[in-house]
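The structure appears right after this line, and notes come after that.
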Amino acid sequence: MKAKIGEIKESAIKEIKTSENLQNLNDIRVMYLGKKGKLTEILRSMGELSAEERPVIGSIVNEAREEIEKLINEKTEELKKKELDEKLKNEKIDVTIPGKKFKRGSKHPINRVIEEIEDLFVSMGYDVVTGPELETDEYCFERLNLPKGHPARDMQDSFYITNEYVLRTQTSAVQARTMMNNKEKTPIRIICAGKTYRREDDATHSHQFNQVEGLVIDKKENNVSLADLKGTLEVFVRKMLGKNSELRFRPSYFPFTEPSYEVDVTCFKCSGKGCNLCKSTGWIELLGAGIVHPNVLKMNGYDPDKFSGFAFGTGIDRLAMFKYGITDMRYLYTNDIRFLSQFDRKDEE
């Protein structure tokens with residue numbers, strides 16, 4: 001029995017020393033020390049020994065178990081250290097290698113223009129309001145002095161969902177909603193920016209585009225006039241397109257304002273000298289504006305004898321094209337990162 005225990009011990013020591021990985025070492029532990037291991041089998045067979053032999057053999061087995069366990073633990077630490085050294089060697093980082101350049105997202109030029117406009121008008125005491133893109137015929141047309149069958153609807157009637165619901169063709173609907181919701185009839189100074197929809201698609205028009213509109217209403221005694229409108233638009237245009245920009249007002253027609261004006265700005269390309277962009281006129285049409293029509297005031301809860309105001313609106317996409325020199329509106333909607341990423345640099349300039 002003693003010889004057998006010695007052989008088991010020597011065999012275990014040899015296998016432990018030649019073990020090359022932790023899995024193999026664990027198999028050795030099970031083979032010799034497990035519930036069905038070789039040393040465990042000897043302990044179970046001790047019932048066949050005499051009373052004098054049992055304590056002697058038990059002591060030898062325990063000594064062998066302790067020595068094998070000690071060697072296994074030492075070998076385990078050795079293999080773990082070896083694995084860690086190899087991992088550190090394989091995953092070593094060369095800090096002298098140039099780092100990888102990650103592509104950074106860029107804010108869309110339309111969002112840039114919207115934020116710049118909102119910041120400007122908030123600094124002038126205006127509130128920023130929003131409204132639904134799916135609008136009723138009532139707010140999109142009728143409350144803006146465009147009753148059913150009105151000829152001015154021809155250039156706007158576009159994407160109807162039902163007979164009464166339409167994708168809004170103008171953000172003016174938000175103005176009507178604001179007036180209706182202002183039960184106290186306190187002064188109104190708002191701008192609203194957002195998407196609008198019309199049946200248009202070419203280099204300077206899109207079936208979906210963005211508008212920004214402003215509305216000011218106050219009591220007549222406070223003398224809100226065309227002069228206030230002109231001064232407001234001068235601040236707006238010079239902030240967006242340059243301090244040397246000049247405005248020109250041309251009489252026009254809009255159902256919701258009277259009198260109404262088309263507002264031109266000096267060509268940003270030639271500074272008013274005349275070029276192919278402005279067709280040698282020195283001017284580019286930018287926005288529409290005017291004094292709020294008495295019918296619009298009346299239909300939205302205001303007495304036109306007591307209140308007056310002005311309104312203006314322009315396409316944000318068109319303004320972005322002027323501001324950044326974009327030649328085709330469709331570029332704004334292609335989501336080409338090569339196109340969009342250049343505007344960080346343009347703003348810095």
Side-chain angles (χ1 to χ4, degrees), residues 117 121-122 124-132 135-157 164 166 168-194 196 211-237 247-264 286-315:
I117 293 171
F121 279 98
V122 167
M124 296 167 64
Y126 284 64
D127 294 322
V128 177
V129 298
T130 59
E135 191 54 271
T136 64
D137 185 272
E138 175 188 0
Y139 281 100
C140 196
F141 298 119
E142 293 180 38
R143 288 192 177 276
L144 298 172
N145 204 29
L146 281 163
K148 293 184 187 301
H150 195 289
R153 284 194 179 205
D154 290 346
M155 60 183 178
Q156 292 193 35
D157 280 358
E164 289 301 319
V166 62
R168 67 183 182 189
T169 61
Q170 54 196 358
T171 49
S172 306
V174 181
Q175 298 181 17
R177 288 184 175 275
T178 301
M179 286 189 279
M180 290 295 292
N181 291 334
N182 186 14
K183 305 299 183 182
E184 303 298 324
K185 305 308 175 191
T186 53
I188 292 177
R189 291 179 181 83
I190 63 163
I191 60 164
C192 47
T196 53
Q211 274 190 338
V212 60
E213 298 198 16
L215 174 68
V216 173
I217 293 179
D218 206 340
K219 292 180 180 179
K220 278 196 170 183
E221 59 201 53
N222 292 325
N223 298 318
V224 177
S225 67
L226 183 61
D228 298 306
L229 171 61
K230 185 174 184 294
T232 300
L233 294 182
E234 284 179 345
V235 172
F236 169 48
V237 169
L247 298 183
R248 180 178 71 175
F249 283 66
R250 291 182 290 108
S252 186
Y253 167 77
F254 299 111
F256 24 81
T257 53
E258 181 61 39
S260 302
Y261 300 92
E262 294 281 3
V263 183
D264 303 329
L286 182 64
L287 52 82
I291 302 300
V292 179
H293 199 293
N295 288 349
V296 174
L297 290 171
K298 188 183 299 182
M299 284 186 288
N300 292 287
Y302 284 79
D303 184 346
D305 293 326
K306 297 180 180 179
F307 292 89
S308 65
F310 63 78
F312 59 88
T314 186

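If you read the sequence from its start, that first residue is 1, and numbering goes on from there.
The distance from the CD1 atom of Ile190 to the CD atom of Glu213 is 9.0 Å, given to the nearest 0.5 Å.
Atom NZ of Lys298 has 12 or fewer heavy atoms from other residues, nucleotides or ligands within 6.0 Å.
For Phe249, the ring pair (Phe, Tyr, Trp, His ring centres under 6.0 Å) partners two or more places apart in sequence, or in a different chain, are Tyr261. Applying the side-chain contact (heavy atoms from CB on, under 4.5 Å) criterion to Lys185, with sequence neighbours excluded, gives Tyr302, Phe307. In this view, Asn222 and Asp218 satisfy the side chain to side chain donor-acceptor pair (under 3.5 Å) rule, not counting sequence neighbours. Every side chain to side chain donor-acceptor pair (under 3.5 Å) that Asn145 has, sequence neighbours left out, goes to Asn295. Applying the side chain to side chain donor-acceptor pair (under 3.5 Å) test to Glu234 and every residue at least two apart in sequence or in another chain returns Lys230. Qualifying side chain to side chain donor-acceptor pair (under 3.5 Å) partners for Thr196, counting only residues two or more places apart in sequence or in other chains: none.
Taking the six-membered ring where the residue is Trp, Phe121 and Phe236 present tilted rings, their angle falling between 30° and 60°.
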Q: With side-chain contact (heavy atoms from CB on, under 4.5 Å) as the test, would you mind laying out the steps for Phe310 and Thr232 before giving the verdict?
A: CA-CA 10 Å; Phe310 63 78; Thr232 300; 3.8 Å; yes
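The backbone N or O of Thr186 lies less than 3.5 Å from a partner atom in the side chain of Asn182, making a donor-acceptor pair. Counting only distance, with no hydrogens or angles, the side chain of Thr136 and the backbone of Tyr139 share a donor-acceptor pair below 3.5 Å.
Of all non-hydrogen atoms in Thr171 and Gln211, the two that sit nearest each other are N-OE1, 3.0 Å.
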